Structure formats: structure tokens, C-alpha cells
Peer 1: 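The following block contains the structure, expressed as C-alpha cells.
The structure presented is a predicted model; accordingly, all values stated were derived computationally and were not measured. Below, all heavy atoms of this structure are taken into account, side chains as well, without hydrogens, waters or symmetry copies. Within every chain, numbering begins at 1; the chains are lettered A, B, ... in the order of the sequence lines, protein sequences first and strands thereafter.
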Protein chains: 2
Amino acid sequence: MVTNGQTWVRGDLFDPNCATRVILDRIGDKWTALVVLRLKDGPRRFTELRDGIGQVAPKVLTQTLRRLERDGLVTREIFAEVPPRVVYALTPMGESLIEPITAVSNWAEEHVPAITRAQEKYDASA
Amino acid sequence: MVTNGQTWVRGDLFDPNCATRVILDRIGDKWTALVVLRLKDGPRRFTELRDGIGQVAPKVLTQTLRRLERDGLVTREIFAEVPPRVVYALTPMGESLIEPITAVSNWAEEHVPAITRAQEKYDASA
DNA sequence: GCTATAAGTACCTTATGGTTACTAATGGCC
DNA sequence: GGCCATTAGTAACCATAAGGTACTTATAGC
């Protein structure tokens, strides 16, 4: 596997110190995927995100957005107005994440009926 | 969107009660993806999984496996021996999850350098 | 002066995750 | 015969993260 000219050996995903695993952990957290999918259709203000993502607590949304900003997946633009206006947008790297996340999301959607059936069967036998 | 002949309306992923979101949440938890990727190469015993996934606590591994079993993604086969032997394996539905999970995992792997750079830049300016 | 507004932060409570120790049942070893 | 090792967990406890609600800052409009 080669990334921009530099040899890049596939790390051991199962090693707790593996960088890939740390990132996978981040992406897979409770809100990150939802925020990225929300920003897919264009930049959004803090309140729009907060109200648009089934009642996420502001504290948690802030944390999630700060992490995304730190990871270079989202930009945060502050307008010096009163009341304040802060606009979040995906970076190109953030946009590149939409495809894999959508793949997982679509998988989930397609398998809702089968999973629900499996759960009912499991619960009935227990 | 149509799934096996039945009309299936794309739910609102941003609604906290959306079934898709619940499943997405499950998939994205800390260990599920790792367990599925571990089982990709064939059935494994409890201890093999525990030792193979960078020191996951047994309690948490049990929880993860029980959820996967309940969701119909993994089978659990107990052999009445002493000491006991329990073998976990992916169901066909579990196998179908490998592809989207791998997509996310590959994305993470490819972007490790860029994310690391972004983090360093962010931390330096703060 | 009073109120509304946006984007948070502070503080407290609850849920989840993590750690370590312990258990059941039997075969092999001394 | 008694003792230890082995596997797949469970139990009890503690740490961390998430969730909920209240508060803050600064200014424009009434």
C-alpha cells in the first residue's frame, strides 16, 4: 500500500496503539458519522446541526465538532456578529469520508428488517 | 429503495428513534468492527478473539459477542467439553458487513498521515 | 433598562466501559 | 488422592464518557 509516494505498511488494526484503530474509533463514535452526513449537503451553523441531529446535547456536539476540526475533517468559521454566527463545513478530506460512511449507513438501512427479526427470535428463545 | 420486494422508505437517520441509526450506533461501537474483521478469516474461539484483539476486557468482549449474536451477525457454538470450547463464526449477514466496514477501515488507514498532520497543526496553533 | 438571540461553557447526574478477581468442571501430574 | 492448569465466562468495583439543565457574553431592538 502506497500513499503519496511514501511506502506505507498496513498496520496491525488489532494492536491498541495502531493509528488506524484510533481513527476508526473516532469515526465510529456516536455522533461523528451523523455530523458528517449532516454537513454533506453544505455548511451548517451550530444551531442547525444541534436541532437537525435528533437532540444531541450541545456539550457533546461541541466536543464532536472540535475533534473533527482537529482531525482536519471540518472547518469552523466564526463571524464577529452579535448574536454570534459560527459555520461548520466539510474539508475535502471530510468529504472523502462520506462515501465509506454512506456504505455502512446503507448496509444498516438494508438490514434493519433482518436484524429486527433476528433480535425477536433471540429474545423469544431466551 | 426496495428491499426483497417490499417497499422500504428511507427513514430519517437523524431521528433518534430511527432503526437505522440504532444499528449504525451498534456497528460503530468500540469493538464490533474489530470482532467482525477478526472473524473474517474463519471461526474463532473466545480466547482467540480476546487475545487477538489488543487486550479487550473479557466482559466487554462477551457483551459485544452477545449483541452480535442477538443481531444475527454471529453464531455461537458450544462444545460440551472440559475445559469448555465455544466457537464464534460470522453468519452470511455478518459476512455482508465486512465490505462496508473494510471501506471505512481502509479510509482510516489511508488518511492516518493527513489526520496526524492536521492534529499537529491544530495543537501547535492552540 | 429589559429582553431576545447564538454559541457555547459549567456543573451535576447517569450510563457505559474497563479492571481485576473469581467460578465450574475435569484431565493430567505428583 | 490431592493439586494445579485450563476455558469461558461472571461479579463487583472504579473510571470515563455521555446526557441534561442552567448560565454566560455581547449587542440590537423595544
Peer 1: Can you see which heavy atom on B:F46 is nearest to which on B:P58, and at what distance?
Peer 2: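 In this case the closest contact between B:F46 and B:P58 is CZ-O, 3.9 Å.
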Peer 1: Quick one: side chain to side chain contact (heavy atoms under 4.5 Å, CB included) partners of A:V87, sequence neighbours excluded?
Peer 2: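 Once residues adjacent in sequence are excluded, the partners of A:V87 under the side chain to side chain contact (heavy atoms under 4.5 Å, CB included) criterion are A:P43, A:R45, A:F79, A:R85.
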Peer 1: Identify, with sequence neighbours excluded, every residue that meets side chain to side chain contact (heavy atoms under 4.5 Å, CB included) alongside A:D15.
Peer 2: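 Listed in chain order: A:D12, A:N17, A:C18.
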Peer 1: Among residues 21-41 of chain A, which residues get a heavy atom nearer than 4.0 Å to DNA chain C?
Peer 2: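 Per residue number, the list is empty: none.
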Peer 1: Applying salt bridge (charged side-chain N to carboxylate O under 4.0 Å, His left out) as the test, list every pair that has at least one member in residues 71-80 of chain A; sequence neighbours left out.
Peer 2: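 Matches after skipping sequence neighbours: A:R26-A:D71.
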Peer 1: Run through the side-chain heavy atoms of Ile, Leu, Val, Met, Phe, Trp and Tyr, join any pair under 4.5 Å, and report what else lands in B:Y122's cluster.
Peer 2: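 Cluster partners of B:Y122: none, it stands alone.
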Peer 1: Sugar-phosphate means primed atoms, P, OP1 and OP2; the rest is base. With that split, encode nucleotides 5-13 of chain C 5' to 3' as B, S or - using protein heavy atoms under 4.0 Å.
Peer 2: BBSSB-B--
Peer 1: Sequence neighbours left out, what passes side chain to side chain contact (heavy atoms under 4.5 Å, CB included) with A:A114? Give chain and number order.
Peer 2: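 Listed in chain order: A:R117, B:M93.
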Peer 1: Among residues two or more places apart or on two chains, list those pairs meeting salt bridge (charged side-chain N to carboxylate O under 4.0 Å, His left out) that have a residue in residues 47-61 of chain B.
Peer 2: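 Counting only pairs at least two positions apart or across chains, no salt bridge (charged side-chain N to carboxylate O under 4.0 Å, His left out) contact touches residues 47-61 of chain B.
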Peer 1: Could you tell me whether A:Q63 contacts a base, only the sugar-phosphate backbone, or nothing, with contacts defined as non-hydrogen atoms closer than 4.0 Å?
Peer 2: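 Touches sugar-phosphate only.
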Peer 1: How would you list all residue pairs meeting side chain to side chain donor-acceptor pair (under 3.5 Å) that involve residues 30-43 of chain A, not counting sequence neighbours?
Peer 2: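 Listed once each, the pairs are A:D29-A:T32.
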Peer 1: Can you list everything that forms a side chain to side chain donor-acceptor pair (under 3.5 Å) with B:R44? Sequence neighbours excluded, please.
Peer 2: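 Side chain to side chain donor-acceptor pair (under 3.5 Å) check on B:R44 returns nothing, list empty.
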Peer 1: Measuring from atom CZ of B:F14 to atom CG of A:L49, what distance do you get when rounded to the nearest 0.5 angstrom?
Peer 2: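 Going from CZ on B:F14 over to CG on A:L49, the span is 9.5 Å.
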Peer 1: Reading DNA chain D in the 5' to 3' direction, which nucleotide is the first one with an atom under 4.0 Å from a heavy atom of chain B, and which is the last?
Peer 2: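 Listed 5' to 3', the contact boundaries are D:dT6 to D:dA12.
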